[in-house]
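Let me begin by presenting the structure, written as C-alpha cells, before commenting on it.
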2 protein chains.
Amino acid sequence: MRRQRSTIRDVARRAGVSVTTVSHTFSGNGVVNPATQARVRAAATALGYHPDVVASGLRRSRLGVIGLVLRPAVGVEPQHIQDVDYFPRFAGAAALTSLGQGYALMLVADPAVPHAPTTAWACDGIIVTDPVDRDPLIAALRAGGMPYTLVGADPADPDDPHVIDIATALITDRVLDHLAASGATRIALVVGTDAIEWNEATVRRYRERTPPAAQHVRHVPERSEHEEGAVAADELLALPEPPDGVYCLTSDHARALVDRLVERGVRVPEDVRVVCGSDADSLRSVAPAITAVDLQPQALGRQAAAALLTQLEPDLALAVPPPEHGALIVRTSTGG
Amino acid sequence: MRRQRSTIRDVARRAGVSVTTVSHTFSGNGVVNPATQARVRAAATALGYHPDVVASGLRRSRLGVIGLVLRPAVGVEPQHIQDVDYFPRFAGAAALTSLGQGYALMLVADPAVPHAPTTAWACDGIIVTDPVDRDPLIAALRAGGMPYTLVGADPADPDDPHVIDIATALITDRVLDHLAASGATRIALVVGTDAIEWNEATVRRYRERTPPAAQHVRHVPERSEHEEGAVAADELLALPEPPDGVYCLTSDHARALVDRLVERGVRVPEDVRVVCGSDADSLRSVAPAITAVDLQPQALGRQAAAALLTQLEPDLALAVPPPEHGALIVRTSTGG
DNA sequence: CTGAAAGCGCTTACAG
DNA sequence: CTGAAAGCGCTTACAG
C-alpha cells in the first residue's frame with residue numbers, strides 16, 4: 001500500500017555523498033558545502049525525493065501534528081454534528097492557526113474509548129473539547145506524557161493550568177441579566193446531561209443567583225430527538241407557576257421549545273422570553289428569531305491552538321486576541 | 001519534547017516474554033497463548049504502554065491518516081475562510097466518514113507550495129479540494145505514489161479516474177433555466193479567477209448556452225474585497241443593454257452585488273434576478289434574501305472520503321449516497 | 001566539511 | 001506457541 005518512494009539512500013548514492021550529508025542538506029543541521037548541497041538537491045529533484053516525515057518523526061520525536069478531539073463527534077451520525085455550528089468553526093480556526101506555525105491539525109477519535117484507533121497518539125499534542133467530569137482521556141494523556149489543552153475545564157479539576165477559559169459563570173450572568181431586563185421574573189433553565197463544564201457551571205451559577213422557590217432546572221440529553229425540547233416546553237407550561245423566561249443551552253432544543261410554545265398560543269417574547277446558549281443558523285431564520293449567546297468558536301479555536309503550540313514551542317510567542325465572552329445576539333425572542 | 005513512554009521492550013521485560021510476543025499480542029498477528037497474552041496486557045497496563053503509531057507506521061507503511069488539502073485556505077486570513085460555509089461542512093463530513101473507518105483526518109497545508117511543512121506526506125492518502133489547472137500538487141502526488149481523490153477535476157485532466165464529480169455543467173443549466181423561468185432574458189455571469197473546474201466549466205457551459213450577443217462574463221478574484229461585487233454591479237448597470245439576470249458564483253460578491261443594485265434603485269427580483277453559486281448564511285439573512293445553489297458540501301465530503309478509503313482498502317465497500325447536484329434554494333432574489 | 005555507525009520503536013519472516 | 005534478528009527511513013553524536 002505504501003507509495004514506494006526514493007529514500008535518503010537513493011539520493012546519497014546518486015549525488016555521490018553519504019546519507020548524513022543528504023540529511024544535513026534538508027534539515028539545515030550541520031554544515032554542508034553549498035556546491036555539495038546543490039548536487040544533493042539536484043539528485044533529490046531528479047528522484048522525486050521527499051524526506052519521510054514518519055521516519056523523521058520517529059527519530060526526532062516531533063511530528064508537526066496537533067490532534068483535536070471533538071468529544072460529541074464520536075458515535076454521532078454525521079448529520080447531527082454538522083448541523084451544529086460550533087465545531088466546524090472551532091476546528092477551522094484551530095486548523096488555520098496550526099498551519100500558520102507549520103503544524104497540521106488532525107481530527108482524531110477519542111483515544112479513551114474502547115477500540116479507538118491508536119492514531120490519536122500520533123501527534124505532538126492534543127486539544128480536547130470539551131472535557132467531561134473526571135475525564136479518563138485526560139488521565140490517559142497525562143499518563144502518556146502527551147501535552148494537551150482543554151477547552152473548558154474538567155469539572156473535577158478546575159485548576160488544571162492547561163485550560164482555555166470558557167467563562168461559563170460570566171455568560172450565565174449576562175443571560176440571566178438580559179432575561180430580567182427583558183421582563184422575565186421567573187427563569188427556568190434547560191440544560192444537557194453531558195458532565196461538561198458548560199452544563200454544570202451553568203446550573204451552579206443559576207442556582208447561586210436564583211431564589212430557591214423560583215428555580216426550575218430541566219435536563220435534556222444533548223443527543224436526544226429535537227422533540228425533547230417540545231416536551232420540555234410542555235412540562236414548563238404545566239408547572240404551578242410557569243416561567244416567563246427560559247435559558248436553554250442547546251440550539252436544537254431551544255428551537256423545538258420555542259416552536260411548541262408558539263404552537264400552544266404562548267406569545268414569545270411577551271409571555272415567555274427565551275435565550276439560547278449557543279448561536280446557530282437555525283435560530284436566526286425561525287420566527288420568532290431566537291436570542292443567543294455567541295460562544296465565539298473561532299476565537300476559542302485560535303486560543304486553544306495557540307496555547308498548545310506555545311506549550312510545544314515556548315519560543316513561539318503567539319499573540320491571539322482572547323474571545324469576547326458572553327456577547328449576546330439579541331433577537332425577537334427577547335424583544336430585540 | 002516527546003513524552004517519554006514505555007516501549008514494547010519494557011513491556012516484554014516486565015512480562016518475561018520477547019518483543020515479538022508483545023507485538024503479536026497487540027497487533028493480532030501470529031498466535032499467542034491466551035495466558036501469555038493476559039500477562040502481556042497486564043504488564044502493558046501497569047506501564048501505561050501504548051504501541052507507538054509512528055514506529056508502527058514506519059514499518060507497516062500504513063498510518064491510519066487521511067490528508068485534506070483545502071486549497072483556498074493557504075495564506076488566507078482565518079476570518080476569510082471561516083465565513084465560507086462550504087469548507088467546514090465538507091471537512092466535518094469527511095472527518096466523520098474517516099473516523100468511522102478508523103482513520104483520522106488531517107488538515108494539511110498544500111505540499112506543493114514552497115516551504116510547506118512536509119507533514120503533508122505523513123498520511124496514507126490525500127483529498128484535494130479544489131484542484132487547479134495543471135495542478136502541480138497532483139503531479140507531486142503522482143510522483144510520490146500518494147493515493148489521492150480530487151473534488152472537481154483538474155481542468156487540464158478531466159479524465160482522471162480519481163475525481164469526485166461536482167457536476168458543474170448540470171448546475172449551470174439548472175441555474176440558467178431557473179433565471180429564465182423567473183423572467184430573465186439577458187443573463188450576466190460573475191465568476192472568480194482561480195483556475196478551478198467550478199469557474200472554468202461554468203463559463204464554458206454559459207457560453208455554450210447563451211447567444212453570443214447576450215453573453216457577459218465578469219471575473220472577480222475570489223480573495224478580493226467584498227466591494228468588488230459592488231464594482232461588478234456598477235459595471236453591469238453601465239452596459240448598453242444591462243442584464244436582467246445575474247449568476248454570481250461566490251457568496252461574498254453576490255451579497256455586495258445585490259446590495260449595490262438595491263442601493264442604486266434597481267429592484268431585485270423585478271428588474272434583475274440574482275442567483276448565487278454557493279449557499280451561505282449570509283445569503284439567507286440579507287434583504288432581499290438571495291437564491292443559491294446548495295453545493296452539498298457534506299455529501300461531497302462523505303463521497304470524497306469514501307472514495308479514498310476504498311482506494312486504500314478495496315474491501316471496505318462503503319456505501320454513501322451521492323450528492324443531489326444542482327439543488328436550488330429559491331429565495332426572494334428570484335421571486336421565491 | 002564529510003562519512004560510518006548506532007538507534008528511534010516497531011513488524012515480520014524465519015528458526016526453533 | 002515463542003524468540004533472535006533484520007530492517008522500515010531517518011537523525012545525530014562522533015571521528016576523521
Side-chain angles (χ1 to χ4, degrees), chain A residues 1-40 43-44 47-64 117-119 121-124 144-146, chain B residues 1-40 43-44 47-64 117-119 121-124 144-146:
Chain A
M1 194 80 278
R2 189 196 211 73
R3 47 205 188 270
Q4 28 106 38
R5 313 193 322 207
S6 34
T7 75
I8 201 172
R9 269 252 252 296
D10 302 322
V11 177
R13 188 154 33 216
R14 188 178 232 265
V17 298
S18 74
V19 294
T20 307
T21 301
V22 178
S23 175
H24 283 339
T25 300
F26 284 104
S27 68
N29 302 337
V31 198
V32 183
N33 184 313
T36 315
Q37 281 204 33
R39 274 211 333 280
V40 170
L47 295 170
Y49 169 78
H50 298 278
D52 183 317
V53 223
V54 177
S56 142
L58 177 58
R59 280 281 359 185
R60 303 200 308 167
S61 306
R62 192 269 191 195
L63 264 178
T118 44
T119 326
W121 294 97
C123 45
D124 302 309
M146 174 74 78
Chain B
M1 194 79 279
R2 189 194 210 75
R3 46 202 188 274
Q4 28 105 39
R5 314 191 322 207
S6 34
T7 75
I8 200 173
R9 270 252 250 297
D10 302 322
V11 177
R13 188 156 31 219
R14 188 179 233 266
V17 298
S18 74
V19 295
T20 306
T21 302
V22 179
S23 175
H24 283 340
T25 301
F26 284 103
S27 69
N29 302 336
V31 199
V32 183
N33 184 314
T36 315
Q37 281 204 33
R39 274 212 333 278
V40 170
L47 295 170
Y49 168 78
H50 297 279
D52 183 316
V53 224
V54 177
S56 140
L58 178 59
R59 281 282 357 185
R60 303 200 308 166
S61 307
R62 192 269 191 195
L63 266 178
T118 44
T119 327
W121 295 97
C123 46
D124 301 309
M146 174 74 78

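FYI, side chains are in, hydrogens and waters are out, and symmetry mates aren't considered; it's all heavy atoms of this structure. Numbers restart at 1 for each chain; the letters A, B, ... are given by sequence-line order, proteins then strands.
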Given atom CG of B:L58 and atom P of D:dT11, what is their separation to the nearest angstrom?
12 Å

Tell me the interatomic distance from A:D52, atom CG, to C:dC10, atom P, rounded to whole angstroms.
17 Å

Quick one: do B:D52 and B:T7 satisfy side chain to side chain contact (heavy atoms under 4.5 Å, CB included)? Show the steps, please.
CA-CA 8 Å; B:D52 183 316; B:T7 75; over 6 Å; no

Give B:S23 one of three labels, base, sugar-phosphate or nothing, depending on what nucleic acid heavy atoms sit under 4.0 Å from its own.
base

Rounding to a whole Å, what distance do you find between B:Y49:OH and C:dG9:P?
10 Å

Any base atoms under 4.0 Å from B:T36, or only sugar-phosphate, or nothing? Heavy atoms, all strands.
sugar-phosphate

Of all the heavy-atom pairs spanning A:L47 and A:S6, show the shortest one and how long it is.
O-OG, 2.9 Å

Distance-only, no hydrogens or angles: does the A:T25 side chain make a donor-acceptor pair with backbone N or O of A:V40 under 3.5 Å?
no

What nucleotide among C:dT11, C:dT12, D:dT11 has an atom nearest to a side-chain atom of B:T20?
C:dT12

For atom NE2 of A:H24 and atom P of D:dT11, their distance in whole Å
10 Å

Mate of C:dA4 across any strand shown (Watson-Crick or G-U wobble, both atom pairs under 3.5 Å) is none

Starting from C1' on C:dA4, measure out to CZ on A:R9 and report it in whole angstrom.
12 Å

If we only count heavy atoms from C-beta on, is the B:V22 to B:V17 side-chain gap below 4.5 Å?
yes

Residue matched to C:dA13 through Watson-Crick or wobble contacts both under 3.5 angstrom:
none

Side chain of B:R59 only, please: which of D:dA4, D:dA6, C:dA5 is the nearest?
D:dA6

Base, sugar-phosphate, or nothing for A:F26, non-hydrogen atoms under 4.0 angstrom?
nothing

Has B:T21 got a side-chain N or O lying under 4.0 Å from the OP1 or OP2 atom of D:dT2?
no

Over all heavy atoms of both residues, which pair between B:R9 and B:V19 is shortest? Give the atoms and the distance, please.
CA-CG1, 4.0 Å

Among the nucleotides D:dT12, D:dC10, C:dT11, which one has an atom lying closest to any side-chain atom of A:T7?
D:dC10

Mind calculating the distance between CG (A:N29) and P (C:dT2) to the nearest angstrom?
15 Å

Selected nucleotide, minimal atom distance to A:R60 side chain, candidates D:dA5, D:dT11, C:dG9:
D:dT11

How long is the line joining CZ of B:R13 and P of D:dG3, in whole Å?
14 Å

Can you tell which of D:dT11, D:dG3, C:dT11 lies closest to the side chain of A:S56?
D:dT11

Looking at the side chain of A:V31, which of D:dT12, D:dC1, C:dC1 is the nearest nucleotide?
C:dC1

Spacing between B:H50 atom NE2 and C:dC10 atom C1', to the nearest angstrom:
16 Å

